[in-house]
Amino acid sequence: MHPFSYSRPTNVENAVQELAGPARAKFIAGGTNLLDLMKVNVEQPNQLIDINRLPLNTIDELDNGGLRLGALVTNADTAYHPLVEQRYPLLSQAILSAASAQLRNMATNGGNLFQRTRCYYFYDTAMPCNKRQSGHSDQSAGVGPAGCGALGGYNRIHAILGTEASDGTVHCIATHPSDMAVALTALDATIHITGPSGDRTLSIGNLHRLPGSEPQFDHTLRPDELVTAIELPPQGFSDHHIYLKLRDRSSYAFALVSVAVGLEMDGDVITDARLALGGVAHKPWRKPEAEQLLIGKTATKDHFQPVAEALLDGAVGYGHNTFKIDLAKRAILRALGLASQKSERAKEQKGE
Ligand SMILES: Cc1cc2nc3c(=O)[nH]c(=O)nc-3n(C[C@H](O)[C@H](O)[C@H](O)COP(=O)(O)OP(=O)(O)OC[C@H]3O[C@@H](n4cnc5c(N)ncnc54)[C@H](O)[C@@H]3O)c2cc1C
Ligand code: SF4
């Protein structure tokens, strides 16, 4: 492992200053992804800034009816928080579908958003990988040969949407691995960020990015910025929601395809809809125009099918992963069907 120095700042300002310093520094939170990557030399920071002592570990109610999740609250504490369970069960479901109980006890909300792809070639420095071999990004170490091992290799877990750069070339077909980010995308969460030039917010839809010709960049956070919190808007879709995750084993596995759905219903009629897909692209995949197709419609398969077609429009398979196109369409139909039924908790709360 590459040698590194270690610090434990206790306030946000110092943490951000240290990151902006001359060393190739990285924040470490739960360490459940970063340490794995350091052990295989994919990440080679010169300095680790342990942010666990920063005061970012509370969940707070907001005046507008939303919730603010601290970046350092663990995934477990978030998923089991009574207000998250009650108002944002879609988020609880997504978090609890991920990893294992032990990992969720360590993993933080901030770290979860910036975990790196599970592409096998990315983790193997002997294999070609454009994401790893950027040479000019602080989001990766620049080790190993360039190219994309997955394009002509075993690409069962890889992306089917948004893979092409603007000139039609394909540099990376990795998928974004976080389940939590898919639910946050359906919920339209806002990310709170701080850095040397002050505070800013970003819609979750603008946090992660497609690979284009610069696959070394997973996200749009600047190299000297820290995520402090995730804000959930008041609308939580607690009556009608589902996080459907399809994977090779029923637990402790990343999604081949996942679907986060939130619906508002007036009787049988859909009055509002959100859908986000995981496991299919370099970022959680959402298309508001596909959601619009559901508004004013009854919850029937005939009305779901065009939504699935719209969401998968332009999908391309690379051989081993071509099955995902059909799988994703079927998963969307299934998820919409399940979400249109009232959740058990909602029925209990309403005495139905
Ligand atoms: C065996 C295994 C199975 C898994 N299965 C799943 C799964 O099914 N679904 C799923 O979603 N995840 C899964 N995970 C991934 C797990 O959820 C992530 O490793 C975890 O969420 C990362 O959080 P962390 O706090 O440990 O991050 P760390 O490893 O500490 O950090 C990850 C990255 O985030 C950066 N970072 C951390 N906090 C901040 C912040 N506040 N601001 C800016 N940057 C920050 C770090 O610098 C680092 O680059 C699995 C992991 C393992 C090991
Ligand atoms: S898909 Fe992306 S991460 Fe995987 S080998 Fe290709 S360039 Fe690297």
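Whatever order the structure lists ligands and atoms in, that order sets their numbers, starting from 1.
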Report yes if the distance between the aromatic ring centroids of His208 and His176 is under 6.0 Å, otherwise no.
yes

Working note: His219 + Lys283, criterion side-chain contact (heavy atoms from CB on, under 4.5 Å); need CA distance, chi angles, decisive distance, verdict.
CA-CA 9 Å; His219 54 78; Lys283 61 183 284 188; over 6 Å; no

Please identify which atoms of ligand 2 are closer than 4.0 Å to at least one heavy atom of Ala150.
1 (S), 5 (S)

Any N/O pair Asn33/ligand 1 closer than 3.5 Å:
yes

Do the side chain of Thr10 and the main chain of Arg53 share a donor and acceptor less than 3.5 angstrom apart?
no

Min N/O separation Asp179 to ligand 1 under 3.5 Å:
yes

Identity and distance of the protein heavy atom lying nearest atom 21 (O) of ligand 1:
Asn112 CA, 3.2 Å

Ligand 1 to Glu43 polar contact by distance, N or O atoms, under 3.5 Å:
no

Where's the contact between Ile51 and ligand 1, heavy-atom distance under 4.0 Å: side chain, backbone, both or neither?
side chain

Below 4.0 angstrom, N of the basic side chain to O of the carboxylate: do Lys131 and Asp218 qualify?
yes

Ala253 N/O under 3.5 Å from ligand 1 N/O
yes

Taking NZ, NE, NH1 and NH2 as the nitrogens, is one of them in Lys297 or Asp302 under 4.0 Å from a carboxylate oxygen of the other?
no

Check: of Gly278, Ala99, Gly279, Gly111, min heavy-atom distance to atom 38 (N) of ligand 1 comes from Gly111

Are any of the N or O atoms of Ala29 closer than 3.5 Å to those of ligand 1?
yes

Between the main-chain N or O of Arg222 and the side-chain N or O of Glu225, is there a donor-acceptor pair closer than 3.5 Å?
yes

Pick one of side chain, backbone, both or neither for how His219 approaches ligand 1, counting any non-hydrogen atom pair under 4.0 Å.
neither

Counting backbone and side chain alike, does Cys119 bring an N/O/S atom below 2.8 Å of atom 4 (Fe) of ligand 2?
yes

Among protein heavy atoms, which sits nearest to atom 15 (C) of ligand 1, and what does the distance come to when rounded to 0.1 Å?
Gln115 OE1, 3.2 Å

Just jot down the ligand 1 atoms closer than 4.0 angstrom to any heavy atom of Ser178, in number order.
11 (O)

Have a look at Gly31, Ala71, Ala98, Ala25 and point out the one with the heavy atom closest to atom 10 (C) of ligand 1.
Ala98

If hydrophobic clusters are built from ILVMFWY residues whose side chains come within less than 4.5 Å, do Ile51 and Ile193 share one?
no

With a cutoff of 4.0 Å, is His171 in contact with ligand 2, counting heavy atoms of the residue only?
yes

Could you tell me whether Pro177 approaches ligand 1 through its side chain, its backbone, both or neither, with non-hydrogen atoms closer than 4.0 Å?
backbone

Among Phe27, Tyr252, Phe254, which residue places a heavy atom closest to atom 4 (C) of ligand 1?
Phe254

Can we say Arg87 and Glu61 salt-bridge, meaning some charged N sits less than 4.0 Å from an Asp/Glu carboxylate O?
yes

Please check if any side-chain donor atom of His192 sits under 3.5 Å from a side-chain acceptor atom of Glu231, or the reverse.
yes

Just distances here: any N/O of Gly30 and N/O of ligand 1 closer than 3.5 Å?
yes

Regarding Thr298 and Asp268, is there a side-chain donor-to-acceptor distance under 3.5 Å anywhere?
no

Please report whether ligand 1 has a polar contact with Thr108, defined as an N or O pair separated by less than 3.5 Å (distance criterion only).
yes

Which residue owns the protein heavy atom closest to atom 44 (N) of ligand 1, what's the atom, and how far is it?
Phe114 CD1, 3.5 Å

Can we call the ring centroids of Tyr318 and His158 under 6.0 Å apart?
no

Is it the side chain, the backbone, both or neither of Leu56 that has a heavy atom closer than 4.0 Å to ligand 1?
neither

Closest to atom 22 (C) of ligand 1 among protein heavy atoms sits Thr32 OG1, 3.3 Å

Quick one: does Pro215 get a heavy atom under 4.0 Å from ligand 2?
no

If we only count N/O pairs under 3.5 Å, is Leu221 in contact with ligand 1?
no

Between the side chains of Asp188 and Arg286, is the shortest nitrogen-to-carboxylate-oxygen separation below 4.0 Å, so that they form an ion pair?
yes

Sub-3.5 Å N/O-N/O distance, Ala107 and ligand 1
no

